[in-house]
Amino acid sequence: MPRIAEGRSLDVFEIDGASNNGVEQVRELRETCKYAPASSKFKIYIIDEVHMLSTAAFNALLKTLEEPPEHVKFMFATTDPEKVLPTILRAASGSICAAFPRRSSPNT
């Protein structure tokens with residue numbers, strides 16, 4: 001666990017959905033998730049701002065979410081859950097989905 005807390009785990013991947021929102025990035029993710037974890041029980045893919053993925057990227061991810069390898073877990077984080085396609089939420093029911101409410105800045 002210390003490696004995860006320190007950001008040094010080879011089996012935890014954080015993906016920024018806002019800047020990696022295309023089909024090509026999802027294809028790369030699908031390719032890498034085929035391989036077994038290096039030192040953990042699972043490979044964890046954290047997709048931050050998952051609502052920013054394009055519809056085509058969501059569709060490319062759908063098959064992997066419906067039938068993920070046993071050693072893969074997905075975590076989705078979003079500030080806009082209504083923008084996540086319902087088919088993705090249903091397919092990811094075994095994964096962890098977290099919705100974070102928007103907070104107003106204390107300076108506004």
Return yes if some donor-acceptor pair links the side-chain N/O of [X] with the main-chain N/O of [Y] below 3.5 Å, else return no.
X	Y	answer
Thr32	Leu29	yes
His71	Tyr35	yes
Asp48	Thr78	no

Checklist entry - Taking C-beta and beyond as the side chain, do Ile15 and Ile46 meet within less than 4.5 Å on heavy atoms? => result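 No, too far: nothing below the 4.5 Å cut-off.
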Same cluster or not: [X] versus [Y], using hydrophobic residues (I, L, V, M, F, W, Y) connected whenever any side-chain heavy atoms lie under 4.5 Å apart?
X	Y	value
Tyr45	Leu61	yes
Leu65	Val23	no
Phe58	Val72	yes

Checklist entry - Looking at residues at least two apart in the chain, or sitting in another chain, which of them share a side chain to side chain donor-acceptor pair (under 3.5 Å) with Asn59? => result none
Checklist entry - Partners of Glu82 by side chain to side chain donor-acceptor pair (under 3.5 Å), sequence neighbours excluded? => result none
Between atom [atom1] of [X] and atom [atom2] of [Y], what is the distance when rounded to the nearest 0.5 Å?
X	Y	atom1	atom2	value
Met52	Asn20	CE	CG	11.5 Å
Cys33	Ile44	SG	CD1	12.0 Å
Ile47	His51	CD1	NE2	13.0 Å
Gln25	Arg30	CD	CZ	13.5 Å
Lys41	Glu70	NZ	CD	10.0 Å

Looking only at non-hydrogen atoms, find the nearest pair between [X] and [Y] and report the distance.
X	Y	result
Gly17	Asn21	O-CB, 3.1 Å
Pro37	Ser40	CB-O, 3.2 Å
Ser54	Gly22	OG-CA, 4.3 Å
Ala38	Asp11	N-OD1, 2.6 Å

Checklist entry - Does Glu24 come within less than 4.0 Å of Arg27, counting only side-chain N to carboxylate O? => result yes
Item to check | Qualifying residues under ring pair (Phe, Tyr, Trp, His ring centres under 6.0 Å), relative to Phe42, sequence neighbours excluded | outcome: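 Not a single residue meets the ring pair (Phe, Tyr, Trp, His ring centres under 6.0 Å) criterion with Phe42.
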